[in-house]
Amino acid sequence: MAIKVISWDELQAKQKLSNYLKFAKEYRKQFEGQWRENEQLLYNAVGYRQERVSTSFSTEAEIPDEPQDGVGVNDIFRYVRFIHAQMSANPPAVQASPGSQDPRDRQAAIGADRTVRWMRKQLEIGEKIDQMTLKTLAKGSGWMKTVWDANLGTVKQFDKATQMVTMSGDFLIYSPASWNVWIDPDATCYENLTWVIERHQLPLEEAIALNPSKEAELKSFSRVDASNNESAGQDWLFRGQFKRSSDTDRELVDVYEYYEKGTPFNGMAGRHAWFLEDGVLLKPMEANPHWEAKLPYHLLTDVDVEDQVFGKSFIEYNAIIQDIKNRLDGQTLDNIKAHHVTRLYQPQGCDIADESISNLGLEIIRGTGPVKPDFIQPPNSMPDAVRFRQDLSAGAESTAGVNESMFGQVNREMSSLSLQTAINAGNTVRRRLYNKYAKCVESIYRHLLGLAIMHWNVPQTIRVLGAENSFEVIDLLGSDLKDGWDITVEYGTSLSLDP
């Protein structure tokens, strides 16, 4: 069936981009309250939330006032740190294999494999992936972006008359902040995600240098980055934590980048645009410059939600447990403090001189009646409170998919097989996360190799450790990697820490 290709003129692009951004922001609002809640639980030292972002999770009638002294073991931070370290210590192994025994395919596979090794070290992909997995564990969704940035690399040309510099271009890979990414609200999964909008917060001077013809429009949308104003931190929880004096304030402007993947409705070319919040284009709209007109964004989610692109974090399920445990710990601390105060009950008529009492921690309670003076001891904590806290901890560990065996705690004699079984049982809870982890890593390297095929038009010299850790120097063109190979991503299952 024939499909008519839809094209946008500048006015249509302005209207559509403005509406897309508006709809995407409205759609994402339903998740932002929980994201802030997760950030507060994860990054606050004692686990207390200083403010209630959303009242849908609890009410004052359900949860009593918090103790005066905030104390508690932040188990959520403990679980996240362990799982994050586990994923960082056991990254999926990426290897390019030949598609056939043809010598040309074997040579192309060797070049692709060496390029993967070079990218892993040169682009610090492991560090970028760790940043993405942390966002995934904290908010349920983490993003990675892989593009070819024409403003990076070495100086290719400099025009003295116009003071314009042309760069050679280079790979750019980073994990965008979850607060800076908006998606198509009609998408039900990542595979049918049509477009993505990303916010770039640029200094006004840099934005003007990149778009000199739009200086007036950029200045109209600029703002002073004063972290002590009320609007600071409205998206990011910790953005307004650092105070700046007025002489260090700088002007920022929000510039939005729009990527649309290739579909039959846009001629399989996709779309790419830079625009301001009202939809004004900073540069003419162009076809999607990414490899095969795909979206340059890679998504890793924790807990899957049916018919929804964004995932959920296990922190959401442990939030109320962490709050109750903190309150139990606070009440225990209050009881301990009460035992440090000596209270003497002195009935009326007792011949005890007030001046005979020292200034130690002693509180005198006066009363009437023929009762001898005696000391008052505060009551001990209920035994049920201790058991209740243990039950809460067990439930939180089950939800997070960790257990005491993973932390090296063995409370009784256990065989190595039993210990291994307990560890694997905990990892099985996160099996779906590890499968998506390997798939996301594969997608990242496929896109990077695709960009190398597109933009390595001149020989690139790469230095890597090849087979058996031998040092190799290879000159490669993009055409050398065009076909004849495929990527395989594997992770082991033999070690306890392996996914």
Side-chain angles (χ1 to χ4, degrees), residues 31 38 79-97 116 119-120 125-146 173 175-176 178 181 183 187-193 196 294-318 397-403 405-406 420-450 485-499:
F31 308 103
N38 293 354
Y79 302 152
V80 169
R81 194 174 189 185
F82 174 80
I83 300 172
H84 187 229
Q86 188 185 47
M87 299 177 73
S88 177
N90 299 276
V94 182
Q95 185 176 5
S97 303
V116 166
M119 288 177 172
R120 184 184 299 119
I125 295 179
E127 178 67 23
K128 309 298 174 52
I129 291 178
D130 288 346
Q131 296 173 9
M132 177 188 64
T133 56
L134 178 59
K135 296 182 177 73
T136 300
L137 296 173
K139 300 180 182 66
S141 304
W143 296 92
M144 183 70 77
K145 185 179 182 182
T146 52
I173 174 173
S175 178
S178 302
V181 178
I183 64 173
T188 57
C189 62
Y190 177 77
E191 286 70 23
N192 61 17
L193 189 64
V196 175
K294 296 179 180 289
L295 293 176
Y297 298 92
H298 315 268
L299 177 64
L300 176 62
T301 59
D302 185 3
V303 181
D304 294 327
V305 181
E306 58 179 322
D307 298 330
Q308 181 177 295
V309 177
F310 289 117
K312 295 173 71 71
S313 170
F314 75 90
I315 297 178
E316 303 177 27
Y317 304 95
N318 280 2
E397 290 180 357
S398 299
T399 304
V402 299
N403 53 51
S405 299
M406 292 182 176
Q420 182 73 31
T421 302
I423 294 175
N424 289 338
N427 285 330
T428 302
V429 176
R430 294 187 300 278
R431 174 62 63 181
R432 174 64 180 158
L433 172 62
Y434 294 138
N435 290 340
K436 292 183 291 184
Y437 181 36
K439 183 180 178 181
C440 183
V441 171
E442 177 181 351
S443 175
I444 290 171
Y445 279 100
R446 282 190 183 277
H447 281 236
L448 289 173
L449 288 170
W485 52 268
D486 192 17
I487 282 183
T488 56
V489 179
E490 298 177 352
Y491 52 78
T493 57
S494 58
L495 297 178
S496 299
L497 286 180
D498 281 345

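All residue numbers in this chain count up from 1 along the given sequence.
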Nearest heavy-atom pair of [X] and [Y]: which atoms, and what distance?
| X | Y | answer |
| --- | --- | --- |
| R120 | V94 | NH2-O, 3.7 Å |
| S178 | S141 | OG-O, 3.5 Å |
| K128 | M144 | O-CE, 3.1 Å |
| E397 | N403 | OE1-CA, 4.1 Å |
| A438 | P92 | CA-CG, 3.9 Å |
| S88 | P91 | O-CD, 3.5 Å |

Hey, does [Y] have a side-chain heavy atom less than 4.5 Å from the side chain of [X]?
| X | Y | answer |
| --- | --- | --- |
| V303 | E316 | no |
| Y434 | N90 | no |
| I125 | Y445 | yes |

For this session: Would you please classify the geometry between the Y190 ring and the W143 ring as parallel, tilted or perpendicular, with 30° and 60° separating the classes?
Result: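 Aromatic pair W143/Y190 classed tilted.
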Between [atom1] of [X] and [atom2] of [Y], what distance do you get to the nearest 0.5 Å?
| X | Y | atom1 | atom2 | value |
| --- | --- | --- | --- | --- |
| Y437 | M132 | OH | CE | 7.0 Å |
| L449 | M119 | CG | CE | 5.0 Å |
| K294 | H447 | NZ | NE2 | 5.5 Å |
| L300 | S443 | CG | OG | 11.0 Å |
| L295 | T146 | CG | OG1 | 10.5 Å |

Out of the candidates [options], only one should pair with [X] under the side-chain contact (heavy atoms from CB on, under 4.5 Å) rule; please name it.
| X | options | result |
| --- | --- | --- |
| Q95 | V489, T488, I487 | T488 |
| V402 | N427, I83, V429 | I83 |
| S313 | V80, N38, T301, T136 | N38 |

For this session: Give a yes-or-no answer on whether the side chains of N435 and R432 include a donor-acceptor pair shorter than 3.5 Å.
Result: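 The criterion, which ignores hydrogens and geometry beyond distance, is not satisfied for R432 and N435.
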Problem set entry | Backbone of D130 reached by a side-chain donor or acceptor of H84 within 3.5 Å |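 Side chain of H84 to backbone of D130: a pair is present.
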Exercise. Is a side-chain donor or acceptor of R430 paired with a backbone partner of A400 at a separation under 3.5 angstrom?
Worked result: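 Judged by distance alone, yes, a pair lies under 3.5 Å.
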Problem set entry | L193 vs Y297, side chain to side chain contact (heavy atoms under 4.5 Å, CB included): CA-CA, chis, key distance, verdict | CA-CA 10 Å; L193 189 64; Y297 298 92; over 6 Å; no
For this session: Start with the C-alpha gap between Y317 and K312, add the side-chain angles, then the distance that decides, and say whether side chain to side chain contact (heavy atoms under 4.5 Å, CB included) holds.
Result: CA-CA 9 Å; Y317 304 95; K312 295 173 71 71; 3.3 Å; yes
For this session: I would like to know whether K135 and D302 meet salt bridge (charged side-chain N to carboxylate O under 4.0 Å, His left out); could you show each step before the answer?
Result: CA-CA 10 Å; K135 296 182 177 73; D302 185 3; over 6 Å; no
For this session: Please step through side chain to side chain contact (heavy atoms under 4.5 Å, CB included) for the pair L299 and I183, ending with a clear verdict.
Result: CA-CA 11 Å; L299 177 64; I183 64 173; over 6 Å; no
For this session: Just do the side chain to side chain contact (heavy atoms under 4.5 Å, CB included) check on Q308 and F31 with the steps written out, would you?
Result: CA-CA 12 Å; Q308 181 177 295; F31 308 103; 3.3 Å; yes
